Structure formats: structure tokens, C-alpha cells
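Following: one structure in C-alpha cells, then a few remarks.
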Amino acid sequence: MKPEIREILLTSIEENYKGSDLEFDISRTKIKSHGNWSTNVALILAKALKQKPLIIAEKLVNSFAKKEWLEKVEIAGPGFINFFLTEEAQSHFLKNFFNDDLSFFKNEAPKKVLIEYVSSNPTGPIHIGHGRGAAFGSALANLLRFAGDEVIEEYYINDRGLQTDILALSVFLRYQELFKVNVIFPEECYQGEYIKECAFLAKEKFLDKFLDKKNLKIFNHSNPSDLIKEIYTAFPKFNEFVDFCVESQMQKIKTDLSKFQVHHNNWVSEKELYKESTNENFFEKVINTLKNNKFTYFQDEALWFKSKEFNDEKDRVLIRNNQDPTYFASDIAYHKFKFDRDFDQLINIWGADHHGYIPRLNGALEALELDSKKLKTLIIQFVSLIRSGKNVSMSTRKGEFITLNELIDEVGVEATRFFFLARKSDQALEFDIDLAKKEDKNNPVYYIQYAHARICSLEKEAKKRKFIINQDNGLNNLSLITKGDELEIINDIERFQDVLVQCKKDLEIHPLCFYLREVASKFHSYYNSNKFIEEDMNLRDAKFTLVFALKKVFQQGLEILSIDAPEKM
RNA sequence: CUCUCGGUAGCUCAGCUGGAUAGAGCAUCUGCCUUCUAAGCAGAGGGUCGCAGGUUCGAAUCCUGCCCGGGAGGCCA
């Protein structure tokens with residue numbers, strides 16, 4: 001409807017004021033008495049023409065072309081022009097809605113998009129913070145795919161460096177314990193039970209291959225990195241042990257994610273970036289480019305990147321004085337690798353604790369002469385858990401964190417996903433466990449699902465009574481029901497496209513959640529005050545057709561959220 | 001100290017590329033099941049949009065200052 005209204009306006013403006021390319025809004029109204037659509041064009045023109053908006057509005061309206069879909073036009077308030085559509089026009093779009101599968105949404109040229117998300121370190125199970133990013137990333141991928149884009153969901157594995165070594169060390173020590181070796185378990189090591197489980201598996205795989213038979217004094221070090229060095233010396237093949245630990249953690253992570261309806265289709269290993277190819281490894285190549293472009297310098301035996309030249313508050317180290325590359329340096333190489341794969345758009349989904357990294361990473365991309373505007377880094381804020389009205393304290397250090405797996409075991413995948421997605425992602429989220437577990441209208445997930453189930457149940461009941469619903473006949477008889485609430489529902493169904501377009505534009509999911517909740521509410525209300533299995537065939541078909549359109553909205557909306565739309569509850 | 005995100009109903013939050021009377025849900029109160037799912041519906045009360053200025057026809061929304069709260073600022077990741 002919007003393009004049609006715009007056309008009328010533009011013609012009228014052209015006629016009265018000679019066209020000028022000005023920007024104005026055409027929006028749905030919030031209040032019935034304002035009609036269906038409204039524009040502020042007269043208010044905008046008033047500024048440029050230095051005339052009273054009401055006079056401009058009147059002039060415009062007087063030269064509007066007559067349209068059969070336009071019931072009437074009114075001027076209101078300071079100079080808004082309100083459009084009232086005929087009932088036919090309002091219900092007209094329903095006809096397309098059943099046929100064209102939201103083609104409005106797929107019109108733009110499809111893009112190749114890379115979404116990197118979760119990418120948590122394979123040093124332990126994923127916790128609820130990662131879970132939020134996981135839900136968001138997967139829903140965003142669904143949304144973009146729904147719009148016709150080609151989407152790759154990628155997970156970047158930090159499988160080298162200090163944290164990886166500490167993981168291996170932690171498992172290694174627990175492994176020794178399984179052979180009744182007395183060890184001192186340093187504070188810096190990972191404390192969780194999962195380390196012991198991993199050690200158990202390591203013992204099954206390696207037997208006593210990494211047992212300290214020579215009784216090395218490797219456990220007397222207070223510093224874990226020294227300890228690790230000793231172990232590497234004592235066991236030349238220790239890298240096999242490291243790989244096993246990482247692999248084992250990644251397996252668990254993949255299992256948890258998959259249970260949570262999160263399915264990456266590509267994994268990139270940090271370690272691979274350092275692999276020798278012809279004569280140089282990829283990582284070195286990227287760092288050399290930075291060097292050649294004169295954005296690096298040596299100081300204190302370390303290699304620095306001049307990020308200050310890119311609005312970062314200070315320069316950053318790339319290679320430490322012990323020759324170890326920093327996380328940041330690896331990340332530059334990884335992002336270069338992303339750009340090399342020719343995507344139209346790159347999306348990073350990061351935890352809020354990384355937000356300080358954005359300027360320096362963008363700086364590095366520019367230093368590599370890459371178009372940093374292609375990359376959009378979205379920030380996911382923290383999640384805190386509330387149980388019985390009280391904050392559940394979590395501490396990673398003490399191993400007291402709640403894992404994603406524990407949470408979904410307790411409240412279920414559906415509710416967890418919805419609660420993660422229903423809040424604007426860059427805002428901190430308070431996750432109320434008690435609320436998420438409720439199975440009544442307090443819980444928006446059930447409320448929405450129930451709306452869908454009710455429609456299915458109507459369908460079943462109709463079938464039981466041997467009524468066959470004819471959708472085409474329903475569409476032709478919509479005028480029988482476009483008198484009151486129905487018009488509002490039709491309007492809401494039409495709004496589905498606005499919501500999806502907005503979500504895609506802003507890379508947000510929560511508007512969809514709010515929308516579904518709203519539409520469900522409208523449906524329940526309608527359901528309560530109406531009979532559906534009418535004796536009159538035309539009326540029955542019309543009502544069912546309307547309700548089937550709603551069903552389609554629920555199905556598609558929930559599908560984007562990767563939440564079930566059950567037929568029975 | 002610097003950066004960043006917030007402060008909207010008792011609570012949890014939408015709205016923020018300026019628009020008409022600021023919205024939901026929960027909680028509270030009052031009603032509705034002999035009917036195709038009451039896992040539901042109808043109704044009511046509840047607001048200095050943190051404070052103060054500014055920009056203009058018009059500000060919760062934009063700008064400035066201040067107050068309060070979360071988070072981030074490593075040769076950790």
C-alpha cells in the first residue's frame with residue numbers, strides 16, 4: 001500500500017510545488033481515528049516553503065487523484081494527511097499472502113553473508129552468555145536465509161596459545177592423578193569436573209603414554225607456562241595430547257549447540273592459520289603485509305601495530321617479546337581470511353567484554369586495505385540469572401558458572417531461546433528462570449505456541465465434522481468478515497512484512513518476538529469472542545482463511561526463531 | 001580517569017533515523033468455563049519518560065552539561 005500512497009503524494013507535490021527530492025514518512029497509524037496510513041509530508045514541506053503546513057496539506061489533498069481503494073483522506077493535527085482505505089483494499093493483500101511466500105522480503109538481490117558467532121574457547125563447556133550469542137546468531141542466520149541470502153555460520157576455534165596449553169595442562173595433571181600420582185593443581189588451571197572427565201577419556205585413549213614414569217620434577221613449578229614447557233620437553237609428542245583435549249571439548253560444545261538448535265556450517269581453526277603452505281604461512285603473510293604497509297614497529301623486543309593511527313587509544317602488541325603472537329594478531333589474520341572469501345557482508349557477534357576490540361580490529365583491516373565497512377560487529381550484553389527473585393551468582397574462576405546445557409535441561413530449549421531473543425541484544429538481560437519455566441500465559445513462548453496450536457485444533461475439529469475448508473472461496477468471501485476485529489487482524493498480518501524488513505535492516509530479532517506476542521494476543525481475543533465452525537459455508541471459509549493466514553505468520557515467525565510450532569499442546 | 005551501554009508504570013522491558021492522547025507483559029483489583037483447548041478472554045487503577053538547559057511548528061527520541069547504575073580498558077582470551 002505504501003508505494004501507492006507515495007505515488008499519489010509525489011504526483012500531487014509535482015503538480016503544486018515542482019518536485020523536489022525531499023524525504024518524508026508514510027507510516028501506519030497507531031489510532032483508528034487517524035485512518036490506516038499517515039504522512040507528515042506537509043510538515044516537512046512547510047519548513048522548506050516557509051508556509052503553514054495546514055495550507056500545504058489542503059492544497060496537496062485537493063489535487064489527489066481518485067483511487068478506488070481510497071475511502072477518504074483527512075487532514076489532522078498540525079498538518080498530517082491521513083488515508084482511510086476501503087475494506088476491500090485492506091483485505092486484498094491476504095490473497096497474495098497465501099501465494100507468494102513473502103516475496104516482498106526476498107526482492108533485493110541475494111547477498112553472500114558470513115556470520116561468525118559463539119566461537120567460545122574450547123577450554124570448557126559453553127555457558128549461558130555464549131548461549132545468548134548462539135541463539136541470536138542462529139536466528140539472524142535464519143532471518144537472512146529467509147530473505148534469500150546465502151549465509152555461512154562460522155565458528156572460530158582458538159585452538160592454540162596459552163589458554164589451550166592451560167587446558168591441556170589441567171587435563172594432564174588430572175590424568176596423572178588417575179595413575180595415583182600426587183600433583184599440585186595450580187589455581188590458574190581449569191577447576192571444573194569436566195577436566196577430570198576429559199582426563200579419564202585421555203587415559204582410555206593414550207593409556208600410560210603420557211604418564212610421568214621418569215618421575216620428573218615437573219610439578220614443582222609454580223608458574224604454569226614453565227610447567228608446560230617442561231612437559232613439552234619430557235613428552236615430544238605432547239601436541240597429540242593437546243589436540244585430543246581441544247577436540248574433546250569441541251565435541252561437547254558442538255553437542256550442546258546442536259541441542260540448542262544452533263548449527264554452524266563452518267569451523268575455522270586458529271592453528272591452521274599458522275600452517276606452512278608453499279613457503280610462508282598465512283598468519284606470517286598477513287603480518288608481513290602490515291609490516292610492508294608500515295603500520296608496525298619494534299619496541300621492547302615486541303612487534304607493535306600502530307592502531308593509534310586508526311583512532312584506537314593506544315598501539316597494540318602483535319608479537320610478544322617471547323615471540324608468541326597475541327590473540328589480536330591471530331584475529332587480524334582470521335579476518336583477512338574472511339575477506340579473502342568474497343562475502344558481501346560479514347557479521348561478527350561478540351560478547352560485550354570484547355567491545356573494546358572493535359576499533360583496533362577495524363584499524364587493522366584498513367591497514368590491510370580492506371573495506372572495514374563490510375564488517376559489522378554486533379555486541380551481545382551479559383546475561384544474569386534470576387531465581388526466586390534473587391540473582392544467581394556465577395563465578396567462572398571457582399567453576400560455579402551455569403552452563404547452557406544445565407539451563408536448557410531445566411527450562412527447555414524453546415523458552416531459553418525465546419527469552420534470549422526477546423531482549424534487544426545489546427542490552428543486559430535478566431533471565432528469570434521461574435518465569436521461563438511457567439507453562440501458562442505468563443510465559444510468552446507458550447502463549448504464542450498455544451495460539452498456533454489452537455488454530456490447528458480448530459482445523460482438526462472442522463475436519464471431524466466433515467467440513468472441508470475452501471481457501472479460495474474464503475478469500476472471495478472476505479467481505480463477510482471485514483467489519484470489525486478482523487480488519488485489525490488483517491492489518492497485523494500485513495505488518496509481518498514490516499517487522500521482518502525492519503529486523504533485517506537493523507540486524508535485530510527482538511522486534512519479531514514482540515510482534516508474535518502481540519499477534520498471538522489479538523488471536524486469543526478473537527478466538528474467545530467468535531465461533532469458527534459456522535453453518536454458513538462462505539462465512540466459515542472466510543473465517544478459516546483469516547485464521548490460516550495467522551497460522552502461517554506463527555509458523556514462519558517461530559521458524560526464524562528456531563522454536564517449535566506444535567499442533568497440539 | 002578514559003571509553004561504552006543504560007536510567008520510561010510497583011517489577012521486567014518495547015518505543016529512540018523527531019510526530020498526533022508514551023505502549024506491552026508481569027504484579028494488584030473486578031468479572032467470564034454445560035460451548036470448536038480457561039495453557040484463554042474482558043475490564044480497572046497505575047507515568048515529573050533520571051535532572052537542567054538548548055535546537056523547532058513539535059522532543060521519551062537530536063545536542064550540551066550534570067546526577068545515578070552496569071560493562072570495558074593487559075605483551076589474558
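Since the model is a prediction, treat every value here as computed from it, not as a measurement.
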Of the listed nucleotides ([options]), which one gets closest to any side-chain atom of [X]?
{"X": "A:His510", "options": "B:A39, B:G15, B:C36", "result": "B:G15"}
{"X": "A:Arg454", "options": "B:A38, B:A20, B:G25", "result": "B:A38"}
{"X": "A:Ser33", "options": "B:C75, B:A77, B:U21", "result": "B:U21"}
{"X": "A:Pro78", "options": "B:C13, B:C75, B:G19", "result": "B:G19"}
{"X": "A:Tyr447", "options": "B:C41, B:G19, B:A77", "result": "B:C41"}
{"X": "A:Leu458", "options": "B:A20, B:A77, B:C36", "result": "B:C36"}
{"X": "A:Ile31", "options": "B:A20, B:C36, B:G70", "result": "B:A20"}
{"X": "A:Gln427", "options": "B:C75, B:C36, B:C5", "result": "B:C5"}
{"X": "A:Tyr327", "options": "B:G19, B:U37, B:A77", "result": "B:A77"}
{"X": "A:His355", "options": "B:C36, B:C57, B:G71", "result": "B:G71"}

Taking only Lys NZ, Arg NE, NH1 and NH2, and the carboxylate oxygens of Asp or Glu, determine whether [X] and [Y] approach each other closer than 4.0 Å.
{"X": "A:Glu313", "Y": "A:Lys308", "value": "no"}
{"X": "A:Lys463", "Y": "A:Glu461", "value": "no"}
{"X": "A:Glu459", "Y": "A:Lys551", "value": "yes"}
{"X": "A:Lys32", "Y": "A:Glu488", "value": "yes"}
{"X": "A:Lys373", "Y": "A:Glu366", "value": "no"}
{"X": "A:Asp312", "Y": "A:Arg316", "value": "yes"}
{"X": "A:Lys522", "Y": "A:Asp485", "value": "no"}

Pairing partner of [N] (Watson-Crick or G-U wobble, both distances under 3.5 Å):
{"N": "B:U37", "value": "none"}
{"N": "B:C1", "value": "B:G73"}
{"N": "B:C26", "value": "B:G10"}
{"N": "B:G58", "value": "none"}
{"N": "B:C66", "value": "B:G50"}

(request) May I ask you to verify if any side-chain N or O of A:Lys424 is less than 4.0 angstrom from the OP1 or OP2 atom of B:G15? (result)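 Yes, because at least one side-chain N or O of A:Lys424 sits under 4.0 Å from OP1 or OP2 of B:G15.
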(request) Kindly say if A:Arg320 contacts the phosphate of B:A77, meaning a side-chain N or O under 4.0 Å from OP1 or OP2. (result)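 Looking at the OP1 and OP2 atoms of B:A77, one of them is under 4.0 Å from a side-chain N or O of A:Arg320.
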Let me know the distance between [atom1] of [X] and [atom2] of [N], rounded to the nearest Å.
{"X": "A:Lys30", "N": "B:G18", "atom1": "NZ", "atom2": "P", "value": "13 Å"}
{"X": "A:Ile44", "N": "B:G58", "atom1": "CD1", "atom2": "P", "value": "14 Å"}
{"X": "A:Leu43", "N": "B:A20", "atom1": "CG", "atom2": "C1'", "value": "10 Å"}
{"X": "A:Asp426", "N": "B:C5", "atom1": "CG", "atom2": "P", "value": "9 Å"}
{"X": "A:Asn40", "N": "B:G18", "atom1": "CG", "atom2": "C1'", "value": "10 Å"}
{"X": "A:Gln163", "N": "B:A77", "atom1": "CD", "atom2": "P", "value": "7 Å"}
{"X": "A:Glu313", "N": "B:C3", "atom1": "CD", "atom2": "P", "value": "9 Å"}
{"X": "A:Tyr450", "N": "B:C36", "atom1": "OH", "atom2": "C1'", "value": "11 Å"}

(message) Is the base of B:A20 stacked against the aromatic ring of A:Phe80, taking ring centres under 5.5 Å apart and planes under 30° as the test?
(response)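 Whether judged by distance or by angle, A:Phe80 passes, so it stacks on the base of B:A20.
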How is [X] classified with respect to the nucleic acid when contacts are heavy atoms under 4.0 Å: base, sugar-phosphate, or nothing?
{"X": "A:Tyr357", "answer": "base"}
{"X": "A:Asn121", "answer": "sugar-phosphate"}
{"X": "A:Asp300", "answer": "base"}
{"X": "A:Thr123", "answer": "nothing"}
{"X": "A:Lys531", "answer": "base"}
{"X": "A:Ala453", "answer": "base"}

(message) Looking at A:Asn82 and B:A20, is any side-chain donor or acceptor paired with a base atom of the opposite kind under 3.5 Å?
(response)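 By the distance-only test, yes, there is a pair.
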(message) Tell me if the aromatic rings of A:Phe420 and A:Phe431 count as close, with their centers under 6.0 Å from one another.
(response)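 When the ring centroids of A:Phe420 and A:Phe431 are compared, they turn out to be within the sub-6.0 Å range.
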Same-atom distance ([atom1]) from [N] to [M], integer angstrom:
{"N": "B:G18", "M": "B:C49", "atom1": "C1'", "value": "15 Å"}
{"N": "B:C51", "M": "B:A59", "atom1": "C1'", "value": "16 Å"}
{"N": "B:G69", "M": "B:A22", "atom1": "C1'", "value": "24 Å"}
{"N": "B:U48", "M": "B:C29", "atom1": "P", "value": "23 Å"}
{"N": "B:C5", "M": "B:C13", "atom1": "C1'", "value": "16 Å"}
{"N": "B:C11", "M": "B:C63", "atom1": "P", "value": "27 Å"}
{"N": "B:A24", "M": "B:G70", "atom1": "C1'", "value": "24 Å"}
{"N": "B:G23", "M": "B:C16", "atom1": "C1'", "value": "14 Å"}

(message) If you assign A:Ala428 and A:Arg517 each to the RNA chain B nucleotide with the nearest heavy atom, which residue ends up on the more 5' nucleotide?
(response)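 Nearer the 5' end of the strand: A:Ala428.
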(message) Judged by each residue's nearest nucleotide on RNA chain B, which is more toward the 5′ side, A:Pro53 or A:Lys314?
(response)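 Mapping each residue to its closest nucleotide by heavy atoms, the 5'-most match is A:Pro53.
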(request) Taking atom CD of A:Glu309 as the centre, report whether more than 12 heavy atoms of other residues, nucleotides or ligands fall under 6.0 Å from it. (result)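 It does: A:Glu309 CD has more than 12 such atoms within range.
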(request) Can you sort out which residues in residues 520-528 of chain A have a heavy atom within less than 4.0 Å of RNA chain B? Ascending by number, please. (result)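 Of all residues in residues 520-528 of chain A, the ones placing a heavy atom under 4.0 Å from RNA chain B are A:His524, A:Ser525, A:Tyr527, A:Asn528.
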(message) Does B:C33 count as syn, meaning its glycosidic angle lies within 90° of 0, or as anti?
(response)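 Syn, which is what one calls it when the glycosidic angle falls within 90° of 0.
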(request) Examine the side chains of A:Asn158 and A:Glu270 and answer whether a donor and an acceptor come within less than 3.5 Å of each other. (result)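 A donor-acceptor contact under 3.5 Å links the two side chains.
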(request) Find out whether the Lys NZ or Arg CZ of A:Arg495 is both under 6.0 angstrom from the six-membered ring centre of A:Tyr515 and within 45° of the ring's axis. (result)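 No, A:Arg495 and A:Tyr515 do not form such a contact.
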Side-chain donor-acceptor pairs of residues 503-514 of chain A under 3.5 Å, sequence neighbours excluded:
none

